[in-house]
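Below is one structure; the comments refer to it alone.
Numbers restart at 1 for each chain; the letters A, B, ... are given by sequence-line order, proteins then strands.
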There are 2 protein chains.
Amino acid sequence: MPQAPPTTDPRARLTELARPPMRADARRNYEALLDAADEIFSRRGPDAPLDEIARRAGVGNATLYRHFPSRRDLLVAICIGDVEALCALGNRLQRHPGAGEALTKWLRAYIKHVSSKRGLPAAFTTGRREDSEFVSACHAAINATGSALLKKAQDADEIRDDVNIVELIALVNAIAIATESQGLREANRLLGLVIGGIGR
Amino acid sequence: MPQAPPTTDPRARLTELARPPMRADARRNYEALLDAADEIFSRRGPDAPLDEIARRAGVGNATLYRHFPSRRDLLVAICIGDVEALCALGNRLQRHPGAGEALTKWLRAYIKHVSSKRGLPAAFTTGRREDSEFVSACHAAINATGSALLKKAQDADEIRDDVNIVELIALVNAIAIATESQGLREANRLLGLVIGGIGR
DNA sequence: ACCTGAACACCGTTCAAGT
DNA sequence: ACCTGAACACCGTTCAAGT
């Protein structure tokens with residue numbers, strides 16, 4: 001007899017993974033690495049040497065590698081707060097009177113968060129099989145949140161039926177990538193075009 | 001008195017840069033490097049070691065570096081034929097009866113070409129200041145071609161006036177990046193949404 | 001259980017010597 | 001004028017030894 005299926009909400013699963021139980025010294029190192037990564041990435045870009053981040057955090061480089069097996073894990077970890085904020089916002093927007101407007105508000109918030117850190121949109125582009133469980137859990141939480149908003153908007157006949165959340169988020173990520181050097185205003189312009197295209 | 005300004009057509013400039021005069025042995029090496037890069041990149045992806053490409057081409061690694069100062073130069077060089085084909089297609093489409101349809105046909109051809117080689121969409125994302133003259137010339141030729149089609153479609157009132165070619169191409173590149181692992185069909189679906197959004 | 005830093009492997013880049 | 005391959009520098013990854 002197999003285990004009970006994981007009926008857990010993706011957002012709850014994410015919170016679990018984001019805060020694994022750790023010995024006190026390990027936790028200190030973990031936090032120091034996040035702080036260091038946040039600073040170094042924002043100053044030197046997403047390709048900054050990982051050794052520099054470890055040095056800045058005052059830990060050995062192997063410690064970094066243990067906590068964050070891939071660069072992408074680290075990139076995603078430093079914005080876990082943004083992901084959780086987006087999920088929370090999505091939940092609140094469920095009760096928004098206009099379902100179509102709720103979706104577009106959330107998409108604008110999404111692009112704002114994801115554009116706030118260099119290299120993040122690329123890290124968020126979904127569908128890599130090699131992604132760690134942690135990164136996959138982020139995608140799953142975002143998808144679950146966006147999916148609920150999209151479905152409501154489609155049920156209200158405000159958004160075309162032949163749009164799905166995976167491609168919609170892929171497109172928004174694409175916009176963030178394309179406008180990375182130009183800023184949020186430009187990203188919002190392009191998002192406006194897309195929103196115009198999916199309405200009905 | 002300054003030199004006469006470079007009134008040259010961007011497409012002519014590109015053809016110049018793509019076929020620089022070379023000694024016979026240099027040209028042989030150049031071609032061998034292109035062949036090797038094409039094969040290695042398509043088999044091992046756009047991050048394949050450059051040394052392997054040089055070895056496969058039967059030349060020293062420094063020779064590769066001389067001909068193609070950056071990885072991006074090499075990536076772009078192997079698809080110079082695609083760029084020229086797109087420019088030629090754009091010219092032909094100028095005489096297409098429906099100006100809006102001509103633009104969308106060209107955009108679909110663009111995404112097809114650019115999706116055909118892994119890593120190419122990223123190499124085509126414009127606006128890097130560090131780009132070589134060769135890569136810039138490619139962008140300029142594409143922009144000139146797309147710009148003419150867009151302007152005609154806007155003059156015919158088939159496309160909204162507040163869209164410019166730079167952002168439109170950036171968006172199409174981004175779509176190609178976001179759907180790289182999913183294939184051309186998915187890219188075309190997303191392009192459809194954008195085209196719906198820019199119409200009027 | 002977790003950490004450390006040195007060792008290793010890999011790859012891009014440069015350069016002195018060659019044709 | 002162009003080519004070569006070795007030397008160098010850099011960085012990600014692993015591992016034996018330590019707490």
Side-chain angles (χ1 to χ4, degrees), chain A residues 17-37 39-41 43-78 118-119 122-123 128 130-132 134-135, chain B residues 17-37 39-41 43-78 118-119 122-123 128 130-132 134-135:
Chain A
L17 283 169
R19 282 160 196 80
M22 265 186 279
R23 227 168 61 178
D25 56 340
R27 167 150 318 254
R28 246 191 325 272
N29 285 340
Y30 185 92
E31 305 286 352
L33 281 166
L34 284 184
D35 287 349
E39 195 204 311
I40 304 279
F41 280 146
R43 203 172 48 204
R44 320 255 299 209
D47 296 325
L50 297 181
D51 272 15
E52 196 176 329
I53 294 175
R55 208 177 324 124
R56 165 114 209 157
V59 305
N61 53 0
T63 300
L64 184 155
Y65 197 70
R66 165 197 308 268
H67 284 300
F68 306 100
S70 78
R71 181 182 291 273
R72 186 177 284 213
D73 283 306
L74 190 47
L75 275 166
V76 171
I78 60 178
R118 278 164 61 186
R128 310 256 172 188
E130 329 95 53
D131 275 345
S132 68
F134 173 64
V135 173
Chain B
L17 284 169
R19 284 161 194 79
M22 266 185 277
R23 225 168 61 177
D25 56 340
R27 166 150 316 253
R28 246 191 327 271
N29 286 340
Y30 184 92
E31 305 286 352
L33 282 166
L34 283 184
D35 287 349
E39 195 204 311
I40 303 280
F41 279 146
R43 202 173 49 204
R44 321 254 300 208
D47 296 324
L50 297 181
D51 271 16
E52 195 174 331
I53 293 174
R55 207 175 328 123
R56 165 114 208 156
V59 305
N61 55 1
T63 300
L64 183 156
Y65 197 71
R66 166 198 305 269
H67 284 301
F68 306 99
S70 77
R71 182 182 290 272
R72 185 177 283 216
D73 283 306
L74 189 47
L75 274 166
V76 172
I78 61 177
R118 277 164 61 187
R128 310 256 172 188
E130 329 94 54
D131 275 345
S132 67
F134 173 62
V135 173

| request: Round to a whole Å and report the spacing from CZ of A:Phe68 to P of D:dT14. | output: 17 Å
| Below 4.0 angstrom from OP1 or OP2 of C:dC2, is there any side-chain N or O of A:His67? | no
| request: Among the candidates D:dC3, C:dT13, D:dT13, find the nucleotide nearest to the side-chain atoms of A:Asp51. | output: D:dT13
| field | Evaluation steps, side-chain hydrogen bond (donor to acceptor under 3.5 Å, both in side chains), between A:Asp73 and A:Ser132 | value | CA-CA 7 Å; A:Asp73 283 306; A:Ser132 68; 2.4 Å; yes
| message | Checking base pairs now: Watson-Crick or wobble, both atom distances under 3.5 Å. What partners D:dG12? | response | C:dC8
| message | Regarding A:Arg71, tell me which of base, sugar-phosphate or nothing describes its non-hydrogen contacts under 4.0 Å with the strands shown. | response | sugar-phosphate
| message | Using whole Å, what does the distance between atom P of nucleotide C:dC11 and atom CG of B:Leu74 come to? | response | 16 Å
| Distance (rounded to the nearest 0.5 Å) between A:Glu31 CD and A:His67 NE2 | 10.0 Å
| request: Could you tell me the separation between the CG atom of A:Leu64 and the P atom of C:dG5, rounded to a whole number of Å? | output: 14 Å
| query | Rounded to the nearest Å, what distance is computed from the CG atom of residue A:Asn29 to the C1' atom of nucleotide D:dT19? | reply | 13 Å
| message | Using 0.5 Å steps for rounding, measure from the CG atom of B:Leu50 to the CD1 atom of B:Ile40. | response | 10.5 Å
| 5'-most by nearest nucleotide on DNA chain C - B:Glu52 or B:Arg23 | B:Glu52
| query | Given D:dC3, D:dG12, C:dT13, which nucleotide is nearest the side-chain atoms of A:Leu50? | reply | D:dG12
| task | Can you tell me the distance, in whole Å, between the CG atom of A:Asp47 and the C1' atom of C:dG12? | result | 14 Å
| request: Could you check how far OH of B:Tyr30 sits from C1' of D:dC3, rounded to whole Å? | output: 17 Å
| Rounded to the nearest 0.5 Å, how far apart are CZ of A:Arg44 and CD1 of A:Ile53? | 10.0 Å
| field | Separation of atom CZ in B:Arg44 from atom P in C:dC10, rounded to whole Å | value | 12 Å
| request: Name the nucleic acid region contacted by A:Ala62, choosing base, sugar-phosphate or nothing; use a 4.0 angstrom heavy-atom cut-off, strictly under. | output: base
| request: Could you check A:Arg66 against B:Tyr65 and say which one's nearest nucleotide on DNA chain C is further toward the 5' end? | output: A:Arg66
| query | Across all strands, who's sitting opposite C:dG18 as a Watson-Crick or G-U wobble pair, both distances under 3.5 Å? | reply | D:dC2
| said: So if I apply the side chain to side chain donor-acceptor pair (under 3.5 Å) rule between B:Asp25 and each of B:Arg27, B:Arg23, B:Arg28, which one comes out positive? | reply: B:Arg23
| Between B:Ile40 (CD1) and C:dG12 (P), how many Å, whole number? | 12 Å
| query | Is a donor-acceptor pair below 3.5 Å formed from side chain A:Asn61 to base C:dT4, judging by atom type as modelled? | reply | no
